[in-house]
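What you are looking at is a predicted structure, and each value in this text was computed from that prediction instead of being measured. Every chain is numbered from 1 and lettered A, B, ... according to where its sequence line falls, protein lines coming before strand lines.
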Amino acid sequence: MTTDILAGVRARIVAALDAAHPGLPPEVRARVDVSVARDPAHGELATNAAMVSAKAAGRKPADLAAALVAGLAGDALIALAAPAGPGFVNLTLHPAVWRAQLPTILRAGEAYGDNAAGQGVRVNVEYVSANPTGPMTVAHARGAVTGDALANLLAKSGFAVTKEFYINDAGNQVQALAWAAYWRYLEALGTTLTEDAFAAAVPGGLQYRGAYLVDVGAALARARGDTLAGPGLTVADPASWLDEVRDFTMAEMLASIHADLDQLGVHQDVFSSERALLASGEVERTIARLADKQLVYRGTLEPPKGKLPDDWEPREQTLFRSTAFGDDVDRPLKKSDGSNTYFANDIGYHAAKAARGAALLIDVWGADHGGYVKRMQAAVNALGDARLEVVLCQIVHVLKGGQPVRMSKRAGTYVTLADLLDEVGRDAVRFTMLTRKSDAQMEFDLDAAVSQTRENPVFYVQYAHARCRSVLRAAAARLDGADLADVGLDSLVHETELALMRRLASWPRTVEAAALAREPHRIAFFLYDLAGDFHTLWNRGRDDAALRFLRDDDLAGTLASVALVAATAVVIRSGLAVMGVDPVEEMR
RNA sequence: GCGCCCUUAGCUCAGAUGGAUAGAGCAGCAGCCUUCUAAGCUGCUGGUCGCUGGUUCGAGUCCAGCAGGGCGCGCCA
C-alpha cells in the first residue's frame with residue numbers, strides 16, 4: 001500500500017461505500033474525504049462519505065453511515081468505526097498501523113513525503129528576477145525564499161522543475177545605471193564636478209544615487225584609469241564609454257546578486273538575459289505568432305477612468321488584444337520610439353520558457369506587479385503552449401525593537417538582503433519568510449527571529465531536531481548495531497506517542513496539498529506542529545519515567561522509542577530540506 | 001473610478017477540495033518545577049471569523065453587495 005496512510009484508509013472507505021451502494025458516479029466518490037479529527041472524542045479520523053453520497057444514492061446519510069460501519073467491521077486497518085453527528089463515520093485505526101509507518105519513514109529517509117502528484121509535468125519556476133540596478137532587498141528575499149521553497153516542494157511532489165532567474169538587462173534603467181556608475185567612476189578619479197553638476201548632464205537625470213555604486217566606480221577607475229573620462233575629469237561623450245560602463249556595471253551588479261543569493265542558499269538552474277532574448281529574435285517571432293492569430297493591431301486606448309495623468313492624450317499604438325483572454329483593456333507592445341515595451345519582451349520570454357519544454361510556468365512576483373498578472377496570463381493563453389500561474393508576494397516590513405527599520409547603509413531607503421542575513425542568518429531568514437502566506441503582508445521581527453523561545457518557529461523546530469539528535473547520540477551505544485527500521489514497536493502505546501506518529505504519518509499528504517496549492521508556508525506550520533508534538537512527548541518524560549526515550553530497565557521499549565525519535569528527525573529534515581533550511585545537530 | 005490582494009481571540013497568525021463544539025503562540029490567570037546537556041512545564045480564560053444578503057442538509061471557506069487596509073492603473077521595468 002501507499003506510504004500515505006490517509007490515502008490507504010480512504011481507498012478502503014470508498015470500497016466499503018461501493019459495497020454499501022454500488023454504482024455511485026465517480027464525481028461523488030471523488031468527494032469522499034478522510035480527515036484527521038480535531039476532537040479526540042470523534043476518533044482519530046473521520047469521513048464524510050455518507051453525507052456526500054446520500055443525495056446521489058437516494059438514501060439518508062445515517063443509513064449509509066450505518067452500512068459503511070457494517071462493511072468496515074473486521075478491517076485490517078480500522079479498529080473502530082462509528083456513525084456520528086449528521087452522517088460522519090468516525091474512525092480509529094489499529095495502533096499498529098501508525099507504528100508501521102515508522103520503519104517506512106526510516107527506510108525512505110528524507111525522501112519520505114515524496115509523491116507523484118505532479119505526474120512528471122515540466123514546470124518552470126521563475127523567481128527573484130531583480131532589476132540588476134541595486135542591492136537585493138527584503139522584498140527580493142521573500143520572493144527568493146518563496147520561489148525556492150515552492151520549487152523544492154514541486155520537485156518533491158513529482159514535478160520536473162526548472163528554477164529560473166530572469167535578468168532585466170535591456171531597459172532604459174540599465175542606461176541610467178551606467179550613468180550613475182560613471183559618476184562614481186569620476187568621483188573615484190577625483191573629479192571636481194559636483195554631483196548636481198553631473199546630474200544636470202545626465203539625460204533624464206541621475207537616478208541611482210545609492211552608495212552601492214561607489215565600489216563599482218572605484219573598480220572601474222582601477223581597471224581603466226582615466227581613459228573613459230573627458231579632459232579634466234569631465235563627462236566624456238557617452239558614445240565613447242556608455243556601452244562599456246554599462247556592461248561593466250551590469251557584471252558587477254549581477255555578481256553582487258549572485259553573492260547575495262548564494263548567501264541565502266538560493267541556487268537557480270537557468271539565468272536568462274532579456275538582452276540575449278532580444279538578440280535571439282525570439283521576441284519578434286513570438287509577436288509575429290500573435291499577429292498571425294489576429295491579436296495584434298494598431299489602435300487607440302480609452303483614457304483610464306477617474307484621475308487622468310496630466311499629460312494624457314489619445315495616441316495610436318501597437319496593441320495586443322488581451323481583452324480576448326480576460327484582461328480589462330488591450331495592452332501596448334511598442335513604445336512611441338518603436339522599441340518594445342517590457343510587456344512585449346516578457347511575452348517573448350514566456351514563449352521561450354515554454355519552448356524549452358515547460359508545460360506549466362510559475363512566476364513569483366512582488367505585489368506591486370499584481371496589475372500585470374491578467375495581461376501576462378492572457379498572452380500565455382493566447383500563445384497556447386503553456387499555462388501561467390503567478391504567485392504574488394506581499395510587502396515585508398522589518399521590525400527591530402518593535403519599531404520599523406527603514407534605513408540601510410547601502411541602499412538608503414530599503415533594508416537589503418545582506419543586512420537581513422547579517423542580522424539573523426540564513427536559516428532564520430528562510431524559515432521566517434515562510435511563516436506567512438505569500439499573499440499576506442508580513443512583519444519580519446528581527447528580535448523574534450533570533451530569540452530562543454517557543455515564539456520563534458525557527459528555534460522551536462531546530463531545537464526539536466537537536467533534541468532528537470541528542471537522544472540518538474546517547475542511544476548509539478545501546479543500539480549495538482540494531483536496525484531501527486526492524487525493531488519491535490508494540491511498546492508505543494501512549495496517546496502522546498500516537499499523536500506524534502499520526503503527525504509523522506500526515507507528512508506525505510501535507511506535502512502534496514501544499515504543492516498543489518502552491519503554498520510552501522504550510523510546510524513551516526507543519527514543522528512547527530510536529531515540533532510541538534515532539535516537545536510535548538519529551539516533557540511528559542520528565543514526569544513519567546515510562547515515557548523517557550532511554551530507559552535502563554527496558555531495552556526493547558528503548559529501541560522502539562528511539563525509532564520514533566529517529567523517524568521524527570527524518571521528517572523534520574525532510575521538511576527543512578523543502579524550506580532550504582539546514583537542520584542543526586545541537587543548539588549552542 | 002476600475003482591477004487584484006487582505007480583514008479570524010487583546011496582539012501576531014494557522015485554518016486543501018464547503019463538514020461536527022473555529023485552532024496555535026504571545027499576553028492574562030492558576031498551579032507545578034530545576035531537567036534523558038538544552039526553549040521551564042501543565043492547565044484555564046479569551047471569538048457576532050469586517051458587515052449584510054444568497055446558495056447548501058451544512059459556510060471562516062463558495063456567490064453578490066457594502067465597509068476598512070494594501071498594491072496597481074497608456075509608450076517604467
Side-chain angles (χ1 to χ4, degrees), chain A residues 30-31 33 35 37-39 41-42 46 48 51-52 54-55 60-61 84-88 90 129 131 133 168 170-174 274 300-307 309 312-315 317-319 327-343 345-346 366-374 392 394-395 435-437 439-443 445 448 451-457 459-460 462-464 466-467 470-471 474-475 509-510 512-514 516-517 519 521-522 524-525 528-529 532 535-536 538-543 545 547-551 586-588:
Chain A
R31 290 185 58 204
D33 182 41
S35 57
R38 289 198 201 95
D39 186 339
H42 298 147
N48 61 357
M51 286 184 290
V52 297
K55 186 173 283 182
K60 291 182 182 171
F88 289 99
N90 293 334
S129 298
N131 278 331
T133 53
N168 298 137
N172 296 327
Q173 85 283 356
V174 175
E274 187 179 358
T300 305
L301 291 172
E302 293 294 311
K305 299 281 192 281
K307 278 180 285 188
W312 196 92
E313 57 185 40
R315 196 176 283 123
Q317 304 174 278
T318 299
L319 299 169
D327 200 0
D328 306 315
V329 294
D330 293 338
R331 304 292 179 175
L333 297 172
K334 299 281 184 191
K335 304 180 196 172
S336 55
D337 67 2
S339 64
N340 289 338
T341 58
Y342 179 82
F343 178 50
N345 290 354
D346 218 6
D368 56 342
H369 289 60
Y372 196 74
V373 174
K374 277 187 181 179
L392 291 180
Q394 282 288 345
I395 52 178
T435 57
R436 294 286 180 276
K437 274 181 297 200
D439 56 6
Q441 294 182 30
M442 80 176 294
E443 295 191 338
D445 188 325
S451 74
Q452 303 213 336
T453 69
R454 183 168 188 167
E455 293 172 71
N456 179 10
F459 173 78
Y460 196 61
Q462 291 282 31
Y463 188 22
R467 273 181 157 174
S470 168
V471 171
R509 148 177 290 218
T510 300
E512 183 173 334
L516 294 178
E519 292 186 345
H521 75 278
R522 293 192 200 182
F525 283 94
Y528 185 73
D529 290 340
H535 287 307
T536 296
W538 176 290
N539 291 327
R540 295 276 183 209
R542 295 179 175 182
D543 301 329
L547 285 176
R548 297 193 177 187
F549 302 123
L550 306 179
R551 307 190 286 281
E586 55 187 342
M587 305 305 288
R588 290 183 302 278

Exercise. NA contact type, A:Ala367, heavy-atom cut-off 4.0 Å: base, sugar-phosphate, or nothing?
Worked result: sugar-phosphate
Exercise. Quick one: A:Arg540 CZ to B:G40 P, roughly how many Å, whole number?
Worked result: 19 Å
Exercise. Considering only side-chain heavy atoms of A:Arg548, which listed nucleotide, B:C36, B:G74, B:G19, is closest?
Worked result: B:C36
For this session: Please state whether the phosphate of B:G15, meaning OP1 or OP2, lies under 4.0 angstrom from any side-chain nitrogen or oxygen of A:His521.
Result: yes
Exercise. With a 4.0 Å cut-off on heavy atoms, is A:Ser470 in touch with a base, just the backbone sugar-phosphate, or nothing at all?
Worked result: base
Exercise. Are the side chain of A:Ser470 and the backbone of A:Ala466 linked by a donor-acceptor contact shorter than 3.5 Å?
Worked result: no
For this session: Consider the side chain of A:Ile395, meaning its heavy atoms from C-beta on, and name the nucleotide among B:A14, B:G25, B:G70 that approaches it most closely.
Result: B:G70
Seminar exercise, completed: Taking a pair to mean Watson-Crick or G-U wobble geometry with both distances below 3.5 Å, B:G23 pairs with B:C13
Exercise. Tell me, do A:Val329 and A:Arg331 make a side-chain contact under 4.5 Å, heavy atoms counted?
Worked result: yes
Exercise. By centroid distance (under 5.5 Å) and plane angle (under 30°), are A:Tyr372 and B:G72 in a stacked arrangement?
Worked result: no
Problem set entry | Comparing A:Ala466 and A:Tyr528 on RNA chain B - which has the more 5′ nearest nucleotide | A:Tyr528
Exercise. When you compare B:G15 with B:G31, how far apart are their C1' atoms, in angstrom units rounded to a whole number?
Worked result: 31 Å
Exercise. When only distance counts, do a donor and an acceptor, one from the side chain of A:Asn48 and one from the base of B:A20, lie under 3.5 Å apart?
Worked result: no
For this session: Look through every strand shown and name the nucleotide pairing with B:C4 as Watson-Crick or G-U wobble, where both distances are under 3.5 Å.
Result: B:G70
For this session: Using a 4.0 Å heavy-atom cut-off across all strands, classify A:Glu512 as base, sugar-phosphate, or nothing.
Result: nothing
Problem set entry | B:A39 phosphate, OP1 or OP2, under 4.0 Å from A:Asn456 side-chain N/O | no
Exercise. Taking CG from A:Leu392 and P from B:G3, how many angstroms apart are they, rounded to a whole number?
Worked result: 17 Å
Exercise. Counting distance only, does the side-chain N/O of A:Asn539 pair as donor-acceptor with the main-chain N or O of A:His535 below 3.5 Å?
Worked result: yes
Exercise. Atom CG of A:Asn345 and atom P of B:C75: how far apart are they, to the nearest Å?
Worked result: 14 Å
Exercise. To the nearest Å, how far apart are A:Met51 CE and B:G58 P?
Worked result: 13 Å
Seminar exercise, completed: Winner on side-chain proximity to A:Phe88, out of B:G70, B:G72, B:G19, is B:G19
Seminar exercise, completed: Against the side chain of A:Glu443, the closest entry in B:C5, B:C13, B:C4 is B:C13
Exercise. If you find the nucleotide of RNA chain B closest to A:Gln441 and the one closest to A:Phe459, which residue's nucleotide is nearer the 5' end?
Worked result: A:Phe459
Problem set entry | A:Lys335 side chain near B:A77 phosphate (N/O to OP1/OP2, under 4.0 Å) | yes
Problem set entry | Options B:G3, B:G70, B:U17, nucleotide nearest the side-chain atoms of A:Lys374 | B:G3
Exercise. Does B:U34 have a Watson-Crick or wobble mate here (both distances under 3.5 Å), and if so which one?
Worked result: none
For this session: Give the rounded distance in Å between these two atoms: NE2 of A:His535 and P of B:U37.
Result: 15 Å
Problem set entry | Closest listed nucleotide, where the reference is the side chain of A:Asn539 and the choices are B:A77, B:G19, B:A39 | B:A39
For this session: Please state how far atom CG in A:Asp337 lies from atom C1' in B:C75, giving the value in whole angstrom units.
Result: 8 Å
Exercise. After noting the C-alpha distance and the side-chain angles of A:Lys334 and A:Asn340, does the key distance pass the side chain to side chain donor-acceptor pair (under 3.5 Å) rule?
Worked result: CA-CA 5 Å; A:Lys334 299 281 184 191; A:Asn340 289 338; 2.9 Å; yes
For this session: Would you indicate what A:Asn168 reaches in the nucleic acid, counting non-hydrogen atoms under 4.0 angstrom: base, sugar-phosphate, or nothing?
Result: sugar-phosphate
Problem set entry | Sugar-phosphate, base or nothing in reach of A:Ala84, heavy atoms under 4.0 Å | base
For this session: Just name whichever nucleotide pairs with B:C49, Watson-Crick or G-U, keeping both distances under 3.5 Å, else none.
Result: none
For this session: Could you check whether A:Asn90 gets within reach of a base, just the sugar-phosphate, or nothing at all, counting any heavy atom under 4.0 Å?
Result: base
Exercise. How many Å lie between CG on A:Asp328 and P on B:C73, as a whole number?
Worked result: 14 Å
For this session: May I ask you to say what A:Arg467 touches in the nucleic acid, namely base, sugar-phosphate or nothing, with a heavy-atom cut-off under 4.0 Å?
Result: base
Exercise. What does A:Phe525 touch in the nucleic acid at a heavy-atom separation under 4.0 angstrom: a base, only the sugar-phosphate, or nothing?
Worked result: sugar-phosphate
Seminar exercise, completed: Looking only at B:G19, B:G74, B:U37, the nucleotide nearest the A:Pro332 side chain is B:G74
Exercise. Checking side-chain contact (heavy atoms from CB on, under 4.5 Å) for the pair A:Met442/A:Thr435: CA distance, chi angles, key distance, verdict?
Worked result: CA-CA 9 Å; A:Met442 80 176 294; A:Thr435 57; 4.3 Å; yes
Exercise. Base, sugar-phosphate, or nothing for A:Ala46, non-hydrogen atoms under 4.0 angstrom?
Worked result: base
Exercise. Does OP1 or OP2 of B:C13 have a side-chain N or O of A:Arg436 closer than 4.0 Å?
Worked result: yes
Exercise. So A:Phe343 and A:Tyr372, would you call those rings parallel, tilted or perpendicular, with 30° and 60° as cut-offs?
Worked result: perpendicular
Seminar exercise, completed: Looking only at B:A77, B:C75, B:U17, the nucleotide nearest the A:Ser336 side chain is B:C75
For this session: Using a heavy-atom cut-off of under 4.0 Å over every strand shown, decide if A:Lys334 touches base, sugar-phosphate, or nothing.
Result: nothing
Problem set entry | Separation between CD of A:Glu274 and CG of A:Asp346, rounded to the nearest 0.5 Å | 7.5 Å
Exercise. In whole angstroms, how far is the P atom of B:C41 from the OH atom of A:Tyr460?
Worked result: 7 Å
Exercise. Is there a donor-acceptor contact under 3.5 Å from the side chain of A:Asn48 to the main chain of A:Asp33?
Worked result: yes
For this session: Flag the pair A:Lys335 / A:Asn172 as yes when at least one side-chain heavy-atom distance between them is below 4.5 Å, and no otherwise.
Result: yes
Exercise. Nearest of B:C5, B:A77, B:U37 to any side-chain atom of A:Asn172?
Worked result: B:A77
Seminar exercise, completed: Per atom distances to the A:Leu550 side chain, the nearest of B:C36, B:C6, B:C71 is B:C36
